[in-house]
Protein chains: 2
Amino acid sequence: MANMNRLFFQPHQSGQSKVAAAAQTLQNINPDVVIETHNYNITLVENFDHFLAQMTNGSLTGGKVDLVLSCVDNFEARMSINQACNELGQTWIESGVSENAVSGHIQFVSPGETACFGCAPPLIMAEGIDEKTLKREGVCAASLPTTMGIVAGFLVQNTLKFLLDFGDVSPYLGYSALLDHFPKYPMKPNPTCNDSFCLKMQKKVENKEKELIIYKPKEVEIEEEVVIENPFEIEMCDDDDGDIHAYSTLPVESSKETSVQKTSEVSLEDLMSQLGNL
Amino acid sequence: MANMNRLFFQPHQSGQSKVAAAAQTLQNINPDVVIETHNYNITLVENFDHFLAQMTNGSLTGGKVDLVLSCVDNFEARMSINQACNELGQTWIESGVSENAVSGHIQFVSPGETACFGCAPPLIMAEGIDEKTLKREGVCAASLPTTMGIVAGFLVQNTLKFLLDFGDVSPYLGYSALLDHFPKYPMKPNPTCNDSFCLKMQKKVENKEKELIIYKPKEVEIEEEVVIENPFEIEMCDDDDGDIHAYSTLPVESSKETSVQKTSEVSLEDLMSQLGNL
(Lines give C-alpha, C1' and ligand atoms only; values in the text may rest on other atoms or scores of the structure.)
Protein backbone atom coordinates (compact mmCIF):
# COMPACT_ATOMS: atom_id res chain seq x y z
CA MET A 1 0.00 0.00 0.00
CA ALA A 2 2.89 2.38 0.70
CA ASN A 3 3.44 2.69 -3.04
CA MET A 4 -0.18 3.47 -3.84
CA ASN A 5 0.19 7.16 -3.20
CA ARG A 6 2.82 7.55 -5.90
CA LEU A 7 1.78 10.13 -8.46
CA PHE A 8 0.59 7.81 -11.19
CA PHE A 9 -0.62 4.76 -9.27
CA GLN A 10 -4.37 4.25 -9.29
CA PRO A 11 -6.20 1.49 -7.38
CA HIS A 12 -6.86 -0.62 -10.50
CA GLN A 13 -3.09 -0.60 -11.20
CA SER A 14 -2.23 -2.33 -7.93
CA GLY A 15 0.31 -5.06 -8.65
CA GLN A 16 1.60 -3.48 -11.85
CA SER A 17 5.26 -2.46 -12.07
CA LYS A 18 5.85 1.29 -11.74
CA VAL A 19 7.20 1.34 -15.29
CA ALA A 20 4.03 -0.30 -16.70
CA ALA A 21 1.69 1.84 -14.58
CA ALA A 22 3.50 5.04 -15.55
CA ALA A 23 3.44 4.19 -19.27
CA GLN A 24 -0.27 3.32 -19.11
CA THR A 25 -1.20 6.50 -17.24
CA LEU A 26 0.89 8.78 -19.47
CA GLN A 27 -0.50 7.15 -22.61
CA ASN A 28 -4.03 7.87 -21.35
CA ILE A 29 -3.16 11.49 -20.63
CA ASN A 30 -1.55 12.01 -24.05
CA PRO A 31 -2.01 9.27 -26.68
CA ASP A 32 0.13 11.22 -29.16
CA VAL A 33 3.38 10.66 -27.23
CA VAL A 34 5.52 7.66 -28.25
CA ILE A 35 6.47 5.80 -25.06
CA GLU A 36 9.09 3.02 -25.01
CA THR A 37 9.65 1.11 -21.76
CA HIS A 38 12.71 -0.84 -20.57
CA ASN A 39 12.07 -2.32 -17.12
CA TYR A 40 15.45 -3.52 -15.86
CA ASN A 41 18.16 -3.01 -13.24
CA ILE A 42 20.49 -0.47 -14.84
CA THR A 43 23.41 -1.42 -12.59
CA LEU A 44 23.80 -4.86 -14.24
CA VAL A 45 26.49 -4.89 -16.99
CA GLU A 46 24.28 -6.19 -19.85
CA ASN A 47 21.55 -3.68 -19.03
CA PHE A 48 24.09 -0.87 -18.70
CA ASP A 49 25.37 -1.61 -22.23
CA HIS A 50 21.79 -1.58 -23.54
CA PHE A 51 21.25 1.75 -21.74
CA LEU A 52 24.36 3.22 -23.41
CA ALA A 53 23.11 2.00 -26.81
CA GLN A 54 19.67 3.54 -26.20
CA MET A 55 21.23 6.91 -25.36
CA THR A 56 23.36 6.73 -28.53
CA ASN A 57 20.71 5.52 -31.03
CA GLY A 58 17.45 5.83 -29.10
CA SER A 59 16.08 9.10 -30.49
CA LEU A 60 13.02 9.15 -32.79
CA THR A 61 15.43 9.58 -35.73
CA GLY A 62 17.71 6.78 -34.52
CA GLY A 63 20.34 9.19 -33.22
CA LYS A 64 21.55 10.55 -29.86
CA VAL A 65 18.85 11.44 -27.32
CA ASP A 66 18.47 15.13 -26.36
CA LEU A 67 18.30 14.72 -22.61
CA VAL A 68 18.21 12.04 -19.90
CA LEU A 69 16.03 12.49 -16.78
CA SER A 70 16.96 10.47 -13.69
CA CYS A 71 14.20 9.60 -11.21
CA VAL A 72 15.72 6.53 -9.54
CA ASP A 73 15.57 5.63 -5.87
CA ASN A 74 19.10 4.60 -4.93
CA PHE A 75 22.72 5.77 -5.12
CA GLU A 76 23.99 2.81 -7.18
CA ALA A 77 21.51 3.45 -10.01
CA ARG A 78 22.35 7.17 -9.97
CA MET A 79 26.05 6.38 -10.26
CA SER A 80 25.33 4.09 -13.24
CA ILE A 81 23.43 6.86 -15.03
CA ASN A 82 26.20 9.31 -14.10
CA GLN A 83 28.87 6.98 -15.48
CA ALA A 84 26.96 6.44 -18.74
CA CYS A 85 26.35 10.16 -19.24
CA ASN A 86 29.99 11.07 -18.50
CA GLU A 87 31.13 8.39 -20.96
CA LEU A 88 28.92 9.82 -23.75
CA GLY A 89 29.09 13.49 -22.72
CA GLN A 90 25.28 13.25 -22.40
CA THR A 91 23.46 16.13 -20.71
CA TRP A 92 21.06 14.89 -18.00
CA ILE A 93 19.02 16.03 -15.01
CA GLU A 94 19.14 14.09 -11.76
CA SER A 95 16.22 14.29 -9.32
CA GLY A 96 15.23 12.85 -5.97
CA VAL A 97 13.12 13.16 -2.84
CA SER A 98 14.59 12.50 0.61
CA GLU A 99 13.50 9.45 2.62
CA ASN A 100 11.31 11.58 4.93
CA ALA A 101 9.54 12.98 1.82
CA VAL A 102 9.74 16.60 2.98
CA SER A 103 12.70 17.66 0.84
CA GLY A 104 13.96 17.03 -2.66
CA HIS A 105 16.19 18.38 -5.42
CA ILE A 106 17.01 18.47 -9.11
CA GLN A 107 20.58 18.71 -10.45
CA PHE A 108 21.38 19.61 -14.06
CA VAL A 109 24.52 17.86 -15.27
CA SER A 110 26.45 18.95 -18.36
CA PRO A 111 29.51 16.62 -18.21
CA GLY A 112 32.74 18.58 -17.75
CA GLU A 113 30.89 21.88 -17.34
CA THR A 114 29.00 21.24 -14.08
CA ALA A 115 29.65 18.85 -11.20
CA CYS A 116 28.74 15.26 -12.12
CA PHE A 117 26.95 13.13 -9.51
CA GLY A 118 30.32 11.59 -8.61
CA CYS A 119 32.06 14.99 -8.17
CA ALA A 120 30.19 15.62 -4.91
CA PRO A 121 28.63 12.40 -3.61
CA PRO A 122 26.18 12.72 -0.69
CA LEU A 123 28.15 12.99 2.59
CA ILE A 124 26.82 9.66 3.82
CA MET A 125 28.14 7.94 0.68
CA ALA A 126 31.51 9.73 0.83
CA GLU A 127 31.82 8.23 4.30
CA GLY A 128 31.36 4.79 2.74
CA ILE A 129 28.17 3.96 4.66
CA ASP A 130 26.10 1.22 2.94
CA GLU A 131 22.76 2.81 2.02
CA LYS A 132 20.98 -0.49 2.74
CA THR A 133 21.85 -0.06 6.43
CA LEU A 134 19.76 3.15 6.40
CA LYS A 135 16.46 1.30 6.01
CA ARG A 136 14.83 1.20 9.44
CA GLU A 137 12.99 -1.88 10.71
CA GLY A 138 9.24 -1.51 10.27
CA VAL A 139 9.54 1.85 8.52
CA CYS A 140 9.06 2.27 4.79
CA ALA A 141 10.32 5.52 3.26
CA ALA A 142 7.53 8.09 3.48
CA SER A 143 5.89 9.32 0.29
CA LEU A 144 4.08 12.65 -0.10
CA PRO A 145 2.55 12.99 -3.58
CA THR A 146 2.79 16.76 -3.06
CA THR A 147 6.59 16.65 -2.65
CA MET A 148 6.91 14.16 -5.52
CA GLY A 149 4.69 16.38 -7.69
CA ILE A 150 6.59 19.58 -6.91
CA VAL A 151 10.02 18.03 -7.55
CA ALA A 152 8.71 16.36 -10.73
CA GLY A 153 7.31 19.77 -11.73
CA PHE A 154 10.74 21.38 -11.26
CA LEU A 155 12.33 18.54 -13.25
CA VAL A 156 9.96 18.87 -16.22
CA GLN A 157 9.83 22.69 -16.10
CA ASN A 158 13.63 22.83 -16.36
CA THR A 159 13.46 20.19 -19.11
CA LEU A 160 11.11 22.48 -21.07
CA LYS A 161 13.41 25.47 -20.46
CA PHE A 162 16.39 23.42 -21.70
CA LEU A 163 14.74 21.85 -24.78
CA LEU A 164 12.71 24.91 -25.85
CA ASP A 165 15.46 27.37 -24.85
CA PHE A 166 13.60 29.84 -22.64
CA GLY A 167 14.48 31.15 -19.17
CA ASP A 168 17.43 29.82 -17.19
CA VAL A 169 18.00 26.15 -16.36
CA SER A 170 18.91 25.80 -12.66
CA PRO A 171 22.21 23.97 -12.10
CA TYR A 172 20.95 22.82 -8.68
CA LEU A 173 17.55 23.49 -7.13
CA GLY A 174 16.54 22.13 -3.73
CA TYR A 175 13.13 22.11 -2.05
CA SER A 176 12.48 21.96 1.70
CA ALA A 177 8.75 21.51 2.23
CA LEU A 178 8.60 22.32 5.96
CA LEU A 179 9.82 25.90 5.47
CA ASP A 180 9.27 26.38 1.71
CA HIS A 181 13.00 26.99 1.37
CA PHE A 182 14.59 26.63 -2.10
CA PRO A 183 18.42 26.45 -2.04
CA LYS A 184 19.85 27.14 -5.50
CA TYR A 185 23.50 27.31 -6.53
CA PRO A 186 25.93 26.45 -9.32
CA MET A 187 28.02 23.27 -8.95
CA LYS A 188 31.46 23.38 -10.58
CA PRO A 189 33.06 20.03 -11.51
CA ASN A 190 35.56 18.47 -9.11
CA PRO A 191 39.08 18.42 -10.68
CA THR A 192 39.82 15.34 -8.55
CA CYS A 193 36.61 13.47 -9.48
CA ASN A 194 36.97 9.68 -9.41
CA ASP A 195 35.27 9.33 -12.80
CA SER A 196 37.95 9.42 -15.56
CA PHE A 197 35.31 10.33 -18.17
CA CYS A 198 34.27 13.34 -16.07
CA LEU A 199 37.91 14.51 -15.98
CA LYS A 200 38.11 13.98 -19.77
CA MET A 201 35.02 16.14 -20.27
CA GLN A 202 36.45 18.80 -17.93
CA LYS A 203 39.51 18.95 -20.23
CA LYS A 204 37.26 19.34 -23.29
CA VAL A 205 35.48 22.28 -21.65
CA GLU A 206 38.84 23.78 -20.67
CA ASN A 207 40.05 23.49 -24.28
CA LYS A 208 36.71 24.90 -25.54
CA GLU A 209 36.07 21.63 -27.42
CA LYS A 210 32.69 21.35 -25.70
CA GLU A 211 29.88 23.91 -25.88
CA LEU A 212 28.82 25.49 -22.58
CA ILE A 213 25.12 25.19 -21.65
CA ILE A 214 24.80 26.64 -18.15
CA TYR A 215 27.55 29.24 -18.09
CA LYS A 216 27.21 30.79 -21.54
CA PRO A 217 25.79 34.36 -21.39
CA LYS A 218 22.13 34.70 -22.39
CA GLU A 219 19.54 37.50 -22.66
CA VAL A 220 16.02 36.76 -21.42
CA GLU A 221 13.14 39.08 -22.34
CA ILE A 222 10.31 37.68 -20.27
CA GLU A 223 7.41 39.81 -21.54
CA GLU A 224 8.13 39.70 -25.25
CA GLU A 225 9.10 36.06 -25.33
CA VAL A 226 5.98 34.68 -23.71
CA VAL A 227 3.18 37.21 -23.87
CA ILE A 228 3.42 38.88 -27.28
CA GLU A 229 4.91 36.16 -29.46
CA ASN A 230 2.33 33.51 -28.42
CA PRO A 231 4.90 30.83 -29.37
CA PHE A 232 2.48 27.96 -28.75
CA GLU A 233 0.11 29.37 -31.42
CA ILE A 234 -2.82 28.80 -29.11
CA GLU A 235 -6.03 30.16 -30.64
CA MET A 236 -8.53 32.37 -28.84
CA CYS A 237 -11.22 30.33 -27.12
CA ASP A 238 -14.63 31.61 -25.97
CA ASP A 239 -14.48 30.24 -22.44
CA ASP A 240 -11.67 31.79 -20.40
CA ASP A 241 -11.87 29.21 -17.63
CA GLY A 242 -8.70 27.97 -15.98
CA ASP A 243 -6.46 28.64 -13.02
CA ILE A 244 -5.12 31.83 -14.54
CA HIS A 245 -5.23 35.52 -13.74
CA ALA A 246 -6.15 37.97 -16.44
CA TYR A 247 -3.21 39.92 -14.95
CA SER A 248 0.10 39.29 -13.21
CA THR A 249 0.06 39.48 -9.43
CA LEU A 250 3.82 40.02 -9.33
CA PRO A 251 4.46 43.12 -11.47
CA VAL A 252 7.33 44.20 -9.20
CA GLU A 253 8.82 40.70 -8.98
CA SER A 254 9.10 40.22 -12.73
CA SER A 255 11.18 43.35 -13.15
CA LYS A 256 13.32 42.23 -10.21
CA GLU A 257 13.84 38.85 -11.84
CA THR A 258 15.17 40.45 -15.00
CA SER A 259 17.84 42.18 -12.95
CA VAL A 260 18.66 39.10 -10.90
CA GLN A 261 19.38 37.60 -14.31
CA LYS A 262 22.15 40.17 -14.90
CA THR A 263 24.03 39.52 -11.61
CA SER A 264 26.90 37.09 -11.13
CA GLU A 265 26.11 33.64 -9.74
CA VAL A 266 28.56 34.27 -6.94
CA SER A 267 26.60 37.04 -5.25
CA LEU A 268 23.39 35.07 -5.62
CA GLU A 269 25.20 32.12 -4.07
CA ASP A 270 26.51 34.34 -1.27
CA LEU A 271 23.00 35.54 -0.43
CA MET A 272 21.66 32.00 -0.53
CA SER A 273 24.34 30.83 1.90
CA GLN A 274 23.69 33.90 4.11
CA LEU A 275 20.07 32.84 4.01
CA GLY A 276 21.09 29.30 4.91
CA ASN A 277 23.39 30.47 7.71
CA LEU A 278 20.67 32.50 9.45
CA MET B 1 -8.07 22.92 -27.37
CA ALA B 2 -6.29 25.51 -25.25
CA ASN B 3 -7.89 24.01 -22.16
CA MET B 4 -6.84 20.44 -22.94
CA ASN B 5 -3.47 20.78 -21.31
CA ARG B 6 -4.98 21.59 -17.93
CA LEU B 7 -3.77 19.17 -15.26
CA PHE B 8 -6.78 16.88 -15.15
CA PHE B 9 -8.20 17.12 -18.66
CA GLN B 10 -7.87 13.96 -20.74
CA PRO B 11 -8.89 13.65 -24.40
CA HIS B 12 -12.05 11.64 -23.61
CA GLN B 13 -13.18 14.47 -21.30
CA SER B 14 -13.24 17.04 -24.10
CA GLY B 15 -16.46 19.06 -23.81
CA GLN B 16 -16.92 18.36 -20.09
CA SER B 17 -16.92 21.28 -17.67
CA LYS B 18 -13.71 21.65 -15.65
CA VAL B 19 -15.65 20.95 -12.47
CA ALA B 20 -17.06 17.66 -13.85
CA ALA B 21 -13.73 16.58 -15.35
CA ALA B 22 -11.85 17.35 -12.13
CA ALA B 23 -14.37 15.45 -9.98
CA GLN B 24 -14.25 12.45 -12.33
CA THR B 25 -10.44 12.35 -12.45
CA LEU B 26 -10.03 12.78 -8.68
CA GLN B 27 -12.64 10.10 -7.98
CA ASN B 28 -10.68 7.69 -10.20
CA ILE B 29 -7.44 8.50 -8.40
CA ASN B 30 -9.00 8.06 -4.94
CA PRO B 31 -12.51 6.53 -4.74
CA ASP B 32 -12.49 6.92 -0.93
CA VAL B 33 -12.72 10.72 -1.02
CA VAL B 34 -16.21 12.26 -0.86
CA ILE B 35 -16.44 14.87 -3.62
CA GLU B 36 -19.34 17.36 -3.85
CA THR B 37 -19.50 19.69 -6.86
CA HIS B 38 -21.22 23.07 -7.26
CA ASN B 39 -20.67 24.43 -10.75
CA TYR B 40 -21.81 28.08 -10.66
CA ASN B 41 -20.68 31.69 -10.95
CA ILE B 42 -19.78 32.63 -7.37
CA THR B 43 -20.12 36.37 -8.05
CA LEU B 44 -23.93 36.13 -8.50
CA VAL B 45 -25.84 36.98 -5.29
CA GLU B 46 -27.87 33.75 -5.01
CA ASN B 47 -24.76 31.63 -5.57
CA PHE B 48 -22.76 33.73 -3.12
CA ASP B 49 -25.36 33.06 -0.40
CA HIS B 50 -25.22 29.32 -1.18
CA PHE B 51 -21.41 29.52 -0.99
CA LEU B 52 -21.60 31.18 2.47
CA ALA B 53 -24.03 28.46 3.63
CA GLN B 54 -21.71 25.71 2.35
CA MET B 55 -18.77 27.19 4.27
CA THR B 56 -20.90 27.38 7.42
CA ASN B 57 -22.59 23.94 7.31
CA GLY B 58 -20.72 22.12 4.53
CA SER B 59 -18.30 19.97 6.55
CA LEU B 60 -18.73 16.19 6.72
CA THR B 61 -20.30 16.66 10.18
CA GLY B 62 -22.57 19.47 8.96
CA GLY B 63 -20.46 22.17 10.58
CA LYS B 64 -17.93 24.81 9.50
CA VAL B 65 -15.36 23.77 6.88
CA ASP B 66 -11.68 23.63 7.93
CA LEU B 67 -10.18 25.46 4.99
CA VAL B 68 -11.12 27.02 1.65
CA LEU B 69 -8.76 26.74 -1.36
CA SER B 70 -9.18 29.30 -4.13
CA CYS B 71 -8.13 28.32 -7.66
CA VAL B 72 -10.26 30.73 -9.71
CA ASP B 73 -9.21 32.59 -12.85
CA ASN B 74 -10.36 36.16 -12.36
CA PHE B 75 -10.23 39.05 -9.87
CA GLU B 76 -14.02 39.31 -9.36
CA ALA B 77 -14.32 35.68 -8.23
CA ARG B 78 -11.33 36.10 -5.90
CA MET B 79 -12.91 39.16 -4.33
CA SER B 80 -16.15 37.21 -3.78
CA ILE B 81 -14.26 34.42 -1.98
CA ASN B 82 -12.31 37.06 -0.03
CA GLN B 83 -15.55 38.81 1.02
CA ALA B 84 -17.18 35.54 2.10
CA CYS B 85 -14.11 34.43 4.11
CA ASN B 86 -13.76 37.84 5.81
CA GLU B 87 -17.47 37.77 6.70
CA LEU B 88 -17.14 34.33 8.34
CA GLY B 89 -13.57 34.71 9.62
CA GLN B 90 -12.81 31.65 7.45
CA THR B 91 -9.15 30.72 6.87
CA TRP B 92 -8.39 30.18 3.18
CA ILE B 93 -5.53 29.90 0.67
CA GLU B 94 -5.63 31.86 -2.57
CA SER B 95 -3.66 30.63 -5.58
CA GLY B 96 -3.05 31.64 -9.16
CA VAL B 97 -0.84 31.45 -12.23
CA SER B 98 -0.05 34.55 -14.31
CA GLU B 99 -1.42 34.91 -17.85
CA ASN B 100 1.95 34.07 -19.42
CA ALA B 101 2.01 30.85 -17.34
CA VAL B 102 5.61 31.32 -16.17
CA SER B 103 4.84 32.64 -12.69
CA GLY B 104 2.37 31.93 -9.93
CA HIS B 105 1.71 32.27 -6.21
CA ILE B 106 -0.17 31.04 -3.17
CA GLN B 107 -1.37 33.37 -0.38
CA PHE B 108 -2.52 32.11 3.02
CA VAL B 109 -5.26 34.30 4.46
CA SER B 110 -6.25 34.26 8.13
CA PRO B 111 -8.81 37.12 8.27
CA GLY B 112 -7.62 39.96 10.52
CA GLU B 113 -4.22 38.31 11.06
CA THR B 114 -2.78 38.45 7.54
CA ALA B 115 -3.55 40.69 4.57
CA CYS B 116 -6.83 39.74 2.90
CA PHE B 117 -7.01 39.74 -0.91
CA GLY B 118 -8.58 43.22 -0.73
CA CYS B 119 -5.86 44.64 1.56
CA ALA B 120 -3.35 44.68 -1.31
CA PRO B 121 -5.13 44.29 -4.66
CA PRO B 122 -2.93 43.71 -7.73
CA LEU B 123 -1.54 47.06 -8.96
CA ILE B 124 -3.51 46.85 -12.21
CA MET B 125 -6.77 46.48 -10.24
CA ALA B 126 -5.89 49.26 -7.80
CA GLU B 127 -5.55 51.47 -10.87
CA GLY B 128 -9.13 50.54 -11.81
CA ILE B 129 -8.24 48.89 -15.12
CA ASP B 130 -10.96 46.48 -16.33
CA GLU B 131 -9.35 43.03 -16.47
CA LYS B 132 -11.43 42.15 -19.54
CA THR B 133 -9.48 44.77 -21.50
CA LEU B 134 -6.32 42.72 -20.83
CA LYS B 135 -7.42 39.86 -23.10
CA ARG B 136 -5.51 40.22 -26.38
CA GLU B 137 -7.16 39.55 -29.76
CA GLY B 138 -6.26 36.09 -31.04
CA VAL B 139 -4.31 35.20 -27.92
CA CYS B 140 -5.61 32.84 -25.25
CA ALA B 141 -3.81 32.88 -21.90
CA ALA B 142 -0.92 30.40 -22.03
CA SER B 143 -1.06 27.27 -19.91
CA LEU B 144 1.95 25.24 -18.78
CA PRO B 145 0.88 22.10 -16.90
CA THR B 146 4.28 22.24 -15.20
CA THR B 147 3.59 25.69 -13.70
CA MET B 148 0.02 24.70 -12.82
CA GLY B 149 1.31 21.49 -11.20
CA ILE B 150 4.03 23.23 -9.16
CA VAL B 151 1.68 25.95 -7.86
CA ALA B 152 -1.01 23.32 -7.13
CA GLY B 153 1.70 21.33 -5.32
CA PHE B 154 2.57 24.36 -3.16
CA LEU B 155 -1.14 24.91 -2.46
CA VAL B 156 -1.80 21.33 -1.35
CA GLN B 157 1.54 20.96 0.50
CA ASN B 158 0.73 24.05 2.58
CA THR B 159 -2.80 22.70 3.07
CA LEU B 160 -1.32 19.49 4.51
CA LYS B 161 1.03 21.51 6.75
CA PHE B 162 -1.94 23.57 7.99
CA LEU B 163 -4.41 20.71 8.54
CA LEU B 164 -1.90 18.17 9.91
CA ASP B 165 0.10 20.84 11.82
CA PHE B 166 3.66 20.17 10.66
CA GLY B 167 6.28 22.60 9.31
CA ASP B 168 5.47 26.26 8.64
CA VAL B 169 2.63 27.48 6.42
CA SER B 170 3.94 30.19 4.07
CA PRO B 171 1.95 33.45 4.30
CA TYR B 172 2.89 34.26 0.71
CA LEU B 173 4.93 32.11 -1.69
CA GLY B 174 5.63 33.14 -5.27
CA TYR B 175 7.15 31.13 -8.11
CA SER B 176 8.95 32.53 -11.15
CA ALA B 177 9.61 29.68 -13.56
CA LEU B 178 12.14 31.41 -15.84
CA LEU B 179 14.69 31.88 -13.05
CA ASP B 180 13.39 29.43 -10.40
CA HIS B 181 12.97 32.37 -8.03
CA PHE B 182 10.65 31.95 -5.01
CA PRO B 183 9.71 35.25 -3.30
CA LYS B 184 8.33 34.62 0.19
CA TYR B 185 7.22 37.15 2.76
CA PRO B 186 4.61 37.85 5.45
CA MET B 187 1.65 40.09 4.53
CA LYS B 188 0.22 42.18 7.38
CA PRO B 189 -3.41 43.34 7.04
CA ASN B 190 -4.11 46.84 5.73
CA PRO B 191 -5.67 49.03 8.50
CA THR B 192 -7.40 51.03 5.72
CA CYS B 193 -8.74 47.95 3.88
CA ASN B 194 -12.00 48.62 2.00
CA ASP B 195 -13.59 45.44 3.40
CA SER B 196 -15.41 46.29 6.66
CA PHE B 197 -15.35 42.61 7.72
CA CYS B 198 -11.56 42.57 7.31
CA LEU B 199 -11.30 45.62 9.62
CA LYS B 200 -13.64 43.88 12.10
CA MET B 201 -11.39 40.80 12.10
CA GLN B 202 -8.30 43.00 12.52
CA LYS B 203 -9.94 44.41 15.68
CA LYS B 204 -10.64 40.88 16.97
CA VAL B 205 -6.96 39.96 16.50
CA GLU B 206 -5.92 43.21 18.20
CA ASN B 207 -8.19 42.39 21.16
CA LYS B 208 -6.90 38.80 21.20
CA GLU B 209 -10.45 37.55 20.50
CA LYS B 210 -9.15 35.58 17.52
CA GLU B 211 -6.46 32.87 17.64
CA LEU B 212 -3.30 33.55 15.63
CA ILE B 213 -2.31 30.93 13.07
CA ILE B 214 0.70 32.34 11.21
CA TYR B 215 2.34 34.51 13.85
CA LYS B 216 2.01 32.31 16.94
CA PRO B 217 5.42 30.94 18.06
CA LYS B 218 6.02 27.28 17.17
CA GLU B 219 8.86 24.78 17.59
CA VAL B 220 9.62 22.51 14.63
CA GLU B 221 11.91 19.52 15.08
CA ILE B 222 12.29 18.31 11.54
CA GLU B 223 14.24 15.08 12.14
CA GLU B 224 12.24 13.73 15.07
CA GLU B 225 8.89 14.74 13.70
CA VAL B 226 9.21 13.07 10.35
CA VAL B 227 11.95 10.47 10.41
CA ILE B 228 11.64 8.74 13.77
CA GLU B 229 7.97 9.02 14.61
CA ASN B 230 6.72 7.62 11.26
CA PRO B 231 3.46 9.53 11.83
CA PHE B 232 1.77 8.05 8.76
CA GLU B 233 2.21 4.54 10.22
CA ILE B 234 3.37 3.27 6.85
CA GLU B 235 4.36 -0.41 7.12
CA MET B 236 7.57 -1.91 5.76
CA CYS B 237 7.11 -3.12 2.18
CA ASP B 238 9.37 -5.60 0.38
CA ASP B 239 9.91 -3.56 -2.75
CA ASP B 240 11.70 -0.26 -2.08
CA ASP B 241 10.93 1.17 -5.52
CA GLY B 242 10.03 4.81 -5.88
CA ASP B 243 11.55 8.20 -6.52
CA ILE B 244 13.23 8.26 -3.12
CA HIS B 245 16.78 8.26 -1.81
CA ALA B 246 17.77 5.86 0.92
CA TYR B 247 19.54 8.94 2.32
CA SER B 248 19.15 12.70 2.37
CA THR B 249 21.13 14.60 -0.26
CA LEU B 250 20.86 17.79 1.80
CA PRO B 251 22.33 16.95 5.22
CA VAL B 252 23.78 20.48 5.54
CA GLU B 253 20.59 22.14 4.30
CA SER B 254 18.31 20.46 6.81
CA SER B 255 20.39 21.72 9.72
CA LYS B 256 20.39 25.16 8.10
CA GLU B 257 16.60 25.04 7.82
CA THR B 258 16.23 24.40 11.53
CA SER B 259 18.17 27.58 12.25
CA VAL B 260 16.33 29.61 9.59
CA GLN B 261 13.24 28.59 11.56
CA LYS B 262 14.59 30.36 14.66
CA THR B 263 15.19 33.72 12.96
CA SER B 264 12.68 36.58 12.79
CA GLU B 265 10.59 36.99 9.65
CA VAL B 266 12.04 40.45 9.21
CA SER B 267 15.62 39.33 8.55
CA LEU B 268 14.39 36.60 6.21
CA GLU B 269 12.29 39.22 4.46
CA ASP B 270 15.29 41.60 4.25
CA LEU B 271 17.43 38.94 2.61
CA MET B 272 14.65 38.05 0.19
CA SER B 273 14.27 41.68 -0.86
CA GLN B 274 18.08 42.02 -1.15
CA LEU B 275 17.88 38.96 -3.38
CA GLY B 276 15.10 40.61 -5.38
CA ASN B 277 16.98 43.90 -5.65
CA LEU B 278 20.11 42.28 -7.08
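Side chains included, hydrogens not; waters and symmetry mates left out as well; all remaining heavy atoms used. Just so we're on the same page: letters track the sequence lines, and every chain starts at 1.
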Which atoms of B/Asn158 approach chain A - backbone, side chain, both or neither, heavy atom under 4.5 Å: side chain

B/Ile150 versus chain A, heavy atoms under 4.5 Å apart: side chain, backbone, both or neither? both

May I have the step-by-step check of ring pair (Phe, Tyr, Trp, His ring centres under 6.0 Å) for A/Phe154 and A/Phe108, ending in yes or no? CA-CA 11 Å; A/Phe154 288 161; A/Phe108 179 90; over 10 Å; no

Among B/Val151, B/Leu173, B/Val156, B/Asn30, residue most engaged with chain A (heavy-atom pairs, under 4.5 Å): B/Leu173

Salt-bridged, B/Arg78 to B/Asp73, with N to O below 4.0 Å? no

Counterpart residues, side chain to side chain contact (heavy atoms under 4.5 Å, CB included), relative to B/Gln16 (two or more places apart): B/Gln13, B/Ala20, B/Ala21, B/Gln24

According to side chain to side chain contact (heavy atoms under 4.5 Å, CB included), who are the partners of B/Leu69, at least two apart in sequence or on a separate chain? B/Leu67, B/Ile93, B/Leu155, B/Thr159

A/Thr147 versus chain B, the contacting section by heavy-atom distance below 4.5 Å: both

